[in-house]
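Report on the following structure.
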2 protein chains.
Amino acid sequence: MNAPRLRADAADNRARIVEAARDAVAGSDEFKLNAVAKRAGVGQGTLYRHFPTREALLAEVYRFDVEELVAAAPALLAEHDPITALARWFDRLVDYARVKRGVLAAVEAGVWQELSAHGLGPIGDAITALLDAGRAAGAVRSDVDARDVVLLLGYLTRLDEQEWDTRARHLLHVVLDGLRARE
Amino acid sequence: MNAPRLRADAADNRARIVEAARDAVAGSDEFKLNAVAKRAGVGQGTLYRHFPTREALLAEVYRFDVEELVAAAPALLAEHDPITALARWFDRLVDYARVKRGVLAAVEAGVWQELSAHGLGPIGDAITALLDAGRAAGAVRSDVDARDVVLLLGYLTRLDEQEWDTRARHLLHVVLDGLRARE
DNA sequence: CACGTTAGTGGACACGTGTCCGCTTGTCCA
DNA sequence: TGGACAAGCGGACACGTGTCCACTAACGTG
């Protein structure tokens with residue numbers, strides 16, 4: 001995955017940054033890049049070189065959750081019809097997002113950078129798989145891709161804490177209906 | 001609308017700020033609050049007191065466009081069936097948004113602040129009118145409100161310039177389908 | 001082992017945002 | 001008309017983000 005092997009100290013720093021970031025996320029709801037760098041005992045330059053954007057760092061921090069999310073897709077597809085699987089997967093995303101908003105940023109960053117690179121990547125693939133299954137069953141419209149879905153789901157990031165309960169799930173249904181094939 | 005009448009100099013400054021902002025928007029694609037304040041010949045404090053957020057300022061700058069948008073709703077409803085009217089209105093929004101991204105921020109800010117206040121306000125009302133008409137005709141699902149629509153349309157703000165053509169309109173259809181009543 | 005190459009470092013710096021507060025000035029009343 | 005007093009002013013300041021580049025030290029080579 002990483003063609004140019006990392007130098008020993010570099011790998012070390014990287015690990016320490018991620019750990020510090022994890023602590024920061026767990027400790028408070030603030031997440032200041034500066035603070036993470038200091039906590040990790042590295043300069044800001046170092047932090048920014050390893051993770052060019054805040055999202056890149058979050059993506060690493062939440063990699064576990066994201067992988068879980070990715071892994072869930074095939075399982076859901078095995079158990080349910082495509083639309084239900086998609087719905088469940090959305091549910092799961094919302095569950096994560098509710099507690100740790102960071103996952104959202106991670107997912108979004110993930111899919112985005114994957115889009116430009118070749119072959120999307122795990123998250124994009126997961127969504128694509130769900131979409132494809134639905135399409136094959138004639139339940140999902142044929143003119144949407146993973147990026148579209150992420151874009152649409154983006155509303156989650158600008159939901160206020162207080163309106164989360166009333167709107168998050170609800171709008172999920174609306175989006176889902178939009179993705180359905182029109183008969 | 002503004003109970004405590006503005007002092008003469010205050011009103012003057014406010015006007016000068018808006019004008020400077022308009023210039024700034026027209027002149028370049030950068031929009032720095034600092035610069036606007038300087039250009040208007042006022043301190044930043046003054047700018048921020050008149051317009052607490054960047055969006056508030058944009059809302060004022062684009063008020064004309066926004067009003068036009070609002071005015072279009074009833075006209076569209078008169079000429080077309082509700083769903084078509086809604087679609088056309090969306091189209092119009094996208095047209096504005098393409099050129100002047102600011103309108104989007106203005107719309108979003110507008111609807112949001114209106115939501116908390118009583119009776120939504122012009123933009124919210126316009127969307128609500130479209131929604132209501134659709135609902136009455138049984139063409140629009142009954143469980144969505146103006147805020148929902150704005151939230152969903154929010155994807156427009158994070159669209160990259162280059163993907164605008166391929167995705168903006170296209171996703172509009174998806175959203176529209178999501179808003180339709182399921183028969 | 002020593003030495004050159006170059007990946008990697010880290011912190012100073014530039015920038016934009018937003019806040020705060022001591023000073024100024026319009027406004028209104030006596 | 002003049003004086004008090006609050007509305008309004010404006011810029012200094014604190015903060016977070018992200019960039020840049022002179023230095024440092026890990027790694028491979030002879």
Side-chain angles (χ1 to χ4, degrees), chain A residues 1-21 23-25 27-61 101-102 104-106 108-109 112-113 157-158, chain B residues 1-21 23-25 27-61 101-102 105-106 108-109 112-113 157-158 160:
Chain A
M1 201 169 180
N2 301 24
R5 214 170 68 270
L6 233 38
R7 224 168 65 181
D9 59 338
D12 202 53
N13 274 335
R14 191 174 197 281
R16 229 165 40 260
I17 290 172
V18 174
E19 190 184 357
D23 284 359
V25 165
S28 82
D29 46 350
E30 293 280 273
F31 190 64
K32 293 178 254 192
L33 284 313
N34 260 356
V36 171
K38 203 157 100 186
R39 192 167 191 156
V42 303
Q44 353 221 72
T46 304
L47 189 158
Y48 278 102
R49 185 152 16 71
H50 282 293
F51 304 98
T53 69
R54 152 192 244 83
E55 281 75 27
L57 180 49
L58 284 175
E60 184 58 30
V61 168
R101 296 249 177 158
L104 272 184
E108 190 147 16
W112 192 207
Q113 75 190 29
T157 61
R158 57 183 87 177
Chain B
M1 201 171 181
N2 300 23
R5 213 170 68 270
L6 234 37
R7 225 167 69 178
D9 58 340
D12 202 52
N13 274 334
R14 191 175 198 282
R16 232 172 30 266
I17 290 172
V18 173
E19 190 184 355
D23 285 358
V25 166
S28 82
D29 46 351
E30 293 279 274
F31 188 66
K32 294 177 253 195
L33 283 313
N34 260 356
V36 171
K38 202 156 103 185
R39 193 168 191 153
V42 303
Q44 352 220 74
T46 305
L47 188 157
Y48 278 101
R49 185 153 13 72
H50 282 294
F51 304 98
T53 68
R54 151 192 243 83
E55 281 75 27
L57 180 49
L58 284 175
E60 184 59 31
V61 168
R101 296 249 177 157
E108 190 148 13
W112 191 208
Q113 76 191 30
T157 61
R158 56 183 88 177
D160 268 26

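Each chain gets a letter, A, B and so on, in the order the sequences are listed, and its residues count up from 1.
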Could you list by number each residue of residues 30-43 of chain B showing a heavy-atom separation from DNA chain D of less than 4.0 Å, or answer none if no residue does? V42(B), G43(B)

From CD1 of I17(B) across to P of dG8(D) the rounded distance in Å is 12 Å

Just compare dG26(C), dG8(D), dT17(D) and give me whichever is closest to any side-chain atom of A10(B). dG8(D)

Taking every non-hydrogen atom, the tightest pair across V36(B) and A24(B): CG2-CB, 4.1 Å

Residues in side chain to side chain donor-acceptor pair (under 3.5 Å) with N34(A), at least two apart? Q44(A)

Starting at CG of D12(B) and ending at C1' of dT24(C), how long is that distance when rounded to a whole Å? 16 Å

Return the value, rounded to whole Å, for the distance between atom CD of E55(A) and atom P of dT17(D). 11 Å

In whole angstrom, give the distance that lies between atom CD of Q44(B) and atom C1' of dC15(D). 14 Å

How long is the span from the CG atom in L57(B) to the CG atom in L47(B), to the nearest 0.5 Å? 6.0 Å

How many Å lie between CZ on R14(B) and P on dG8(D), as a whole number? 12 Å

Can you see if the side chain of T46(A) gets near the phosphate of dG10(C) - specifically, an N or O under 4.0 Å from OP1 or OP2? yes

Short heteroatom pairs, N/O only, protein and nucleotides 3-6 of chain D, under 3.5 Å:
none

Keeping the roles fixed (side chain from R39(B), backbone from E19(B)), state whether a donor-acceptor pair exists under 3.5 Å. no

Hey, mind stepping through R158(B) and T157(A) against side chain to side chain contact (heavy atoms under 4.5 Å, CB included) and telling me if it holds? CA-CA 12 Å; R158(B) 56 183 88 177; T157(A) 61; 2.9 Å; yes

CG (L33(B)) and OH (Y48(B)) are apart, to the nearest 0.5 Å, by 4.0 Å

Short side-chain N/O contact from H50(A) to OP1 or OP2 of dT9(C), under 4.0 Å: yes

Which pair of heavy atoms, one from G43(B) and one from A37(B), lies closest together, and at what distance? O-CB, 4.1 Å

Do any side-chain nitrogens or oxygens of R49(A) fall under 4.0 Å of OP1 or OP2 in dT9(C)? yes

So, using side chain to side chain donor-acceptor pair (under 3.5 Å) as the criterion, who are the partners of R49(A) when residues are at least two apart? none

Here the gap from R54(B) atom CZ to K32(B) atom NZ, rounded to the nearest 0.5 Å, amounts to 10.5 Å

In short, the helix from dC1(C)-dG30(D) to dA30(C)-dT1(D) is bent end to end, axes from five pairs each side, to 10°, by 10°

Starting at OH of Y48(B) and ending at P of dT17(C), how long is that distance when rounded to a whole Å? 6 Å

Between CZ on residue F31(A) and CG on residue L58(A), distance to nearest 0.5 Å: 4.5 Å

What is the separation between atom CG on D9(B) and atom P on dT27(C), rounded to the nearest whole Å? 6 Å

Qualifying residues under side chain to side chain donor-acceptor pair (under 3.5 Å), relative to D12(A), sequence neighbours excluded: R16(A)

Give a yes/no answer on whether the side chain of N13(A) brings an N or O atom under 4.0 Å of OP1 or OP2 in dG8(C). no

